[in-house]
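Comments concern the structure below.
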Amino acid sequence: MSRYAEVVLGLPLTKTFTYVIPEICRDLVKVGSRVLVPFHRREITGFVVGLKSRKKGEDFELKDIREVLDDEPVFSEEFLSFTKEFSTASFCSWGEMLQAALPPSYVPKSRVKMSLSEEGEKAIQNDSLDKEEKEIIKLLRKGTYTRTHIKRKIKQKNLSAVLARLERRGLVLRQSDLKKMRRRVEKEIDLTPVQLEMDFSLDEEIRKASGIISESLGRNIFLPFYLYASRHKRETIYFDLIKKILNIRKRVLFLVPEIRLTASLQEKFTKKLGENVALLHSQLTAKQRESEWERIRTGRADVVVGPRSAILSPLTNIGLIILDDEHDESYLQKENPSYDARRGALLRAKQFSSLLISGSSIPSVEAYFLAKRLGYLVEIKEEAADRKVEILREKAGKRIVEERLIREIGQRLSGKKPDPVIIFFNRRGYVSFVICPCCRYIPRCERCDVTMSFHKKEGKLLCHYCGFSSPKMHTCPECWGKLVFGKSFGIEVVEEELKSRFPGKRIVCFDSDRVRTRKDQEEILSRFGEKKIDILLGTQFLAHQDNIPPVSTVVILYPEIFLTLPDFRASQKTFQTVSQMTNCLAKEGDPRLFIQTSNPEHYSIRHAAFDDYGCFYDQEIKYRRLMNYPPFSRLAEILLTGENLRTLARESRKIFSCVKEQDSPIETWGPALASVSRIRGKFRVQVVLKSKKKRALDRALLKSLERVKSRKTVFLHE
DNA sequence: AGCACGCCGACT
DNA sequence: GTCGGCGTGCTC
C-alpha cells in the first residue's frame, strides 16, 4: 500500500510535491484523484499523479493530505500522460493545464478571510481605535472578506500593517473558507452502438478524398491529413468520416475556432449525428459545464465539438481528431496556461493512435508546407471565386470613403430592388486617441501602455486592452487647451460619413461595442437577410460571424492595419482577414469586391481579393525561406510579465546569457519591451529565440526558463 | 500565484 | 531611533 502521493498543483511551478497519505484514506487515493493539501499556509487542490511506498531523500517532514476529493478519479492515466507531454511541449505548468481541464468549480482553494471577533465588536464602542483601524472594523462588520478584497475596498497605503496590528490585539480573526463541491459521479459506459446510415450520395471527388482518409481507419495507427478544400466540401467529408469512426466504435474530437459555435452549428450536428454530441462553448453556465464534462468523461458523448479548450476534454477512445479552420489564430491560448490546441491535437492523436485531420480553405503556410512535404495533403481543387475586384489606392486616413466608392454604393442602394452592401473596417471607436494641440498631451490608460480610444457614441474614453473607461474630456488637464481628435479614425467615423452621404438609408454598425449579446447578433443578421438594412458596417467582429447572409457587394476599407504589426505572420493574418471578409460575397449574380487601401500592390491583399491562395502561398513561403522564418526555422517568443520592470529586465537578461552558454546556433532578439509594454499594470518584456535546429532550441529554452523566476509565457512557431 | 521575511529611506 | 515600503525566496 502506498504511503506517499506525488501531487501537482495548479500553480506556475514545475515541481511535483510529495504528501503523506493518512492511514484512513490509503485505499481511497488513486492516481488522477483530486486532493486537498496544505501548501504554504493555505489549502489548495492538488492532483495525484503518482503513488509511492517510500519517500526519496526529502530530509524534511512531509505534510499530510487533508482530504481526498474524489471517489472516482477525475483524470485517467492516459490523460495525465497526454497533458504532461503537452504541457512540457508548451513550456507551461502541468498543474495549471490540469486545472484548466476541469470545470472551475472542481478546483476548490482556501483563501484567508478576515472577520471580526467579539472584542472587535466591543472595540468600536470604547473608542480605542484610530481612524484607519475604524475604517477596517466598519467594513468587517458587514461580513468576512479576503485581504485583497479589503485592499480594493479601502485605499490605505499601510493596510497590511494595520490589519496585522488588529490581529495581534485579537480584534480581527483569520478564517479559512473552502467551498467544496460534491461531484455527482455516474458509471462509465461504453460507446453507445448506433448504426448510422452511410451517405452514398456524395460526389465523386468527395468520396475519393474521404476514401483516401478512411482507408487507414481500421489500422489503429496515428495518421495525419491536411484537407485543403472549401468549407462545404470539408464538412461533407467530416460527417462522412465521423459516421465511419462511430461505426467502428470510436469517438471523435471536433475542434473549431471559438466563434463558429452557433445555434446553427449545434442544429447541424445533432441533426446529423443524434444526441450523442457534446457541445462546449464559452457561454455555458457553470452547471452546464460540469454536466457536459461528466457526460464526456463517462462516455455518454461520442462526439465532442468545441473550441481550443476542448483539446483538454476527458474524451476517451478517440479515433479521430478534426481540426477545422486550422489557420485560425484562436487555437492559441494566450493566457496561462498558454498552449496551441493544434500542437495538442497532434500530440493527442499520436498518443492514442488516431487520425488527425486538419482542414482549411486558407491554410497557414506552415501547415500547408509540412503537409505537402510529408505527403499528407488531400486537396480538392476549386475554381477561384467568380467576382469582380477593384482595388482603389488611397493614402491611409486621408479619405474615409473614396468618392468613387460612394458612387458605387449609392448606385446599389438607389436601384429598384434594394441591394444591401457590407462594409468592413477594422478599428473600433471614433479615434484611437485625442490630443492637446498646445502641449501634445494624450490621455493614456492608467494601467496599460496605450492611448485611450475615444468612443463618441458612449461619450467616453476607453482602453482597448483592459476595458478601463473614463468620461469624455474636453480640455487638457495640463494646460487647459481644447483637446482635438487624433488622426487614426475608427469605425464610428466611417458610420458618420456614410450616414451623411446616404441620408435616410438604414445603416447599422456591427462591432463588439454595440452588439453585445448573441441575440443581438442574430437579430441584426436576420434583419439584414430580410433586406431591412441597407448598409451593414462592421469590424473583424462581423467578419467572424459565420451566418452572414450573402451579398453582391462587399467593401473593405484599409485592410493594411494588420501589416503594421511587428509580427512575421502579418501578411498571413492580412490574407486571412481579407479572405474571411470576402466570405459573405454571393457566389452568383455578378458579385463585386472593392478594397480601398494605401497598399494596393501588397500580395496578401491582392491575392486574397482574387481568392488565390496558391499565389499567396508561393509568395509567402518564398519570403519565409528568405528570412529564415518558420516553417524553415523554429521561433520561440518568450514573454515575461510582472509588476516590476527592473526585475523583468534582470530576469530576461538571464535568458540571453543562458542561451549564449549553450554553444548552439541560436539567434536571439531582445530583451525588449513588448509592443504594448504594459497591460493591466503588468509590464511585458519579450525575448525571441530562433534556430534551425529544433532540438537545440528546445534545450536552450528549457535551460534558460528554469532559471527565470518571473511569470513567463512561451509562444512557439515552427 | 500568494504570502512571509528581511533590508533600506522618511517620519511620529 | 522606528515604521513601512518593497524586493526576494519558498511552498511537500
**Request:** Select base, sugar-phosphate, or nothing to describe what A/Arg711 touches, counting heavy atoms under 4.0 Å on all strands.
**Result:** sugar-phosphate

**Prompt:** Just wondering, do A/Arg343 and A/Leu716 contact through their side chains at under 4.5 Å, heavy atoms?
**Reply:** yes

**Request:** For A/Leu13, report the nucleic acid contact type (base, sugar-phosphate, nothing); a contact means any heavy atom under 4.0 Å.
**Result:** base

**Request:** Ignoring backbone atoms, test whether A/Lys709 places a side-chain nitrogen or oxygen under 4.0 Å from the OP1 or OP2 oxygen of C/dT8.
**Result:** no

**Message:** Given C/dC12, B/dC3, C/dT8, identify the nucleotide with an atom nearest to the side chain of A/Arg42.
**Reply:** B/dC3

**Request:** Assign A/Tyr19 to base, sugar-phosphate, or nothing according to its heavy-atom contacts below 4.0 angstrom with the strands shown.
**Result:** sugar-phosphate

**Request:** Give the minimum heavy-atom separation between A/Val304 and A/Ser313, together with the two atoms involved.
**Result:** CG1-OG, 3.9 Å

**Prompt:** Rounded to the Å, how far apart are A/Leu9 CG and C/dT11 C1'?
**Reply:** 9 Å

**Request:** For B/dA1, take OP1 and OP2 only and decide whether either is under 4.0 Å from a side-chain N or O of A/Arg41.
**Result:** no

**A/Leu640 CG - B/dA1 P separation (whole Å)** = 12 Å

**Asked** Looking at the side chain of A/Leu62, which of C/dT8, C/dC12, B/dA1 is the nearest nucleotide?
**Response** C/dC12

**Message:** Between P on C/dC12 and CG on A/Leu51, what's the gap in Å once rounded to a whole number?
**Reply:** 19 Å

**Asked** Rounded to the nearest 0.5 Å, how far apart are OG of A/Ser364 and CG of A/Asp325?
**Response** 11.5 Å

**Message:** Output the rounded distance in Å from CD (A/Glu43) to P (B/dG2).
**Reply:** 16 Å

**Request:** Would you mind reading off the distance between A/Leu645 atom CG and C/dC6 atom P, rounded to a whole angstrom?
**Result:** 15 Å

**Request:** Whole angstrom is fine here: how far is it from CZ in A/Arg707 over to C1' in C/dG9?
**Result:** 18 Å

**Request:** Give the nucleotide from the list B/dA1, C/dT8, C/dC12 with an atom nearest to the side chain of A/Phe17.
**Result:** C/dC12

**Message:** Rounding to an integer number of Å, can you tell me how far A/His40 NE2 sits from B/dG2 C1'?
**Reply:** 8 Å

**Asked** Tell me: CG of A/Asn644 to P of C/dT8, nearest whole Å?
**Response** 8 Å

**Message:** Using salt bridge (charged side-chain N to carboxylate O under 4.0 Å, His left out), reason through A/Glu651 and A/Lys654 one step at a time and then give a plain yes or no.
**Reply:** CA-CA 5 Å; A/Glu651 294 296 313; A/Lys654 277 192 201 164; 3.1 Å; yes

**Prompt:** Do you know which of A/Arg342, A/Lys573, A/Lys334 makes salt bridge (Lys or Arg N to Asp or Glu O under 4.0 Å) with A/Glu329?
**Reply:** A/Arg342

